[in-house]
Amino acid sequence: MESIRHVGILVRDLEDAVERWSRLTGWRFKEISRYEPDSYVCDAAPTPHPHSQRIAMSIDGTPQIELLELNPDEPTHGEAELGLHHIAFLHVDDVDETMRGFDERGIAHDGVAYDADGAALLFFLAGDAVDGVRVEYARKGSHPVYVERDSPTYRRENGLDQP
Ligand SMILES: [Fe+2]
């Protein structure tokens, strides 16, 4: 039986949230990064489009905490979605097949990230079947996560903000 791997929280200011959640939990967080799949679709923006989501994942914790920054360009990560954003089950072998299985059972999804070959990297269940709680399923293996080297956190931790 798969466990919840992380809990996603959508925040207004990512640097501030990392500070607050670090203090609150005593946990360490990875460097601020961007999740940048080849394309993304959601119900409110169904045309495949670029997606660049700022995130900071905790190193500690079971489940981990994934802090995501408010993304006004992306309806699934917009103002109305602030706060508890999703719970995540990871390491799915075939995300497209998993998504189809839910579709066949009438369980809706909203928000799918795709790789360059058009294969789904992750999706979020949404709607009444999950009581409005997004549930993320993501594929096993690597994901397009890039450390944001110009972020204040990265620059501070690597001594780049010294005069
Ligand atoms: Fe997530």
Side-chain angles (χ1 to χ4, degrees), residues 1-22 24-25 27-45 48-99 101-103 107-116 119-127 129-148 151 153-154:
M1 179 70 79
E2 181 64 271
S3 324
I4 293 173
R5 298 301 184 103
H6 68 250
V7 173
I9 302 172
L10 188 70
V11 303
R12 209 173 277 287
D13 179 321
L14 191 55
E15 277 80 359
D16 174 66
V18 169
E19 292 293 331
R20 285 186 289 103
W21 282 93
S22 295
L24 190 74
T25 57
W27 295 356
R28 298 162 297 161
F29 280 74
K30 294 182 193 171
E31 290 151 332
I32 289 174
S33 301
R34 285 182 177 268
Y35 188 83
E36 291 188 344
D38 194 71
S39 64
Y40 186 84
V41 298
C42 61
D43 290 354
H49 54 273
H51 177 82
S52 181
Q53 180 59 52
R54 296 187 84 215
I55 59 170
M57 185 70 80
S58 73
I59 294 168
D60 304 306
T62 311
Q64 292 167 283
I65 290 174
E66 178 186 31
L67 298 171
L68 307 102
E69 190 164 73
L70 175 67
N71 185 350
D73 298 330
E74 195 63 84
T76 52
H77 295 66
E79 185 84 24
E81 313 300 326
L82 283 167
L84 182 58
H85 187 263
H86 64 267
I87 58 175
F89 297 101
L90 307 179
H91 308 295
V92 174
D93 286 319
D94 186 331
V95 175
D96 286 290
E97 187 184 296
T98 304
M99 198 160 51
F102 283 118
D103 286 347
I107 301 174
H109 61 264
D110 184 15
V112 187
Y114 292 98
D115 69 12
L121 289 160
L122 64 79
F123 68 95
F124 297 105
L125 295 181
V130 287
D131 297 298
V133 178
R134 271 189 209 81
V135 183
E136 175 186 348
Y137 287 83
R139 89 170 171 199
K140 205 179 263 181
S142 64
H143 280 261
V145 177
Y146 305 100
V147 171
E148 192 176 71
S151 78
T153 314
Y154 182 87

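Remember, it's 1-based here, ligands and their atoms both numbered in the order they're listed.
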Could you pull out the atom name of the N/O/S atom in [X] that is nearest the Fe ion (ligand 1)?
{"X": "E66", "result": "OE1"}
{"X": "H6", "result": "NE2"}
{"X": "E136", "result": "OE1"}

* Asked: So, E69 and R34, do they make that salt bridge, N to O below 4.0 Å?
  -> no
* To do: Please determine if the Fe ion (ligand 1) has an N/O/S atom from H86 lying under 2.8 Å away.
  => yes
Pairs of donor and acceptor atoms involving the side chains of residues 36-45, under 3.5 Å and at least two apart or interchain, shall be tabulated with distances.
unit_1 : atom_1 : unit_2 : atom_2 : d
E36    : OE2    : S52    : OG     : 2.6
Y40    : OH     : T76    : OG1    : 2.8

* Output all residues satisfying side chain to side chain donor-acceptor pair (under 3.5 Å) with D110, sequence neighbours left out; order by chain, then residue number. => none
* Might you work through the side-chain hydrogen bond (donor to acceptor under 3.5 Å, both in side chains) test for E66 and H85, ending with a clear yes or no? => CA-CA 10 Å; E66 178 186 31; H85 187 263; over 6 Å; no
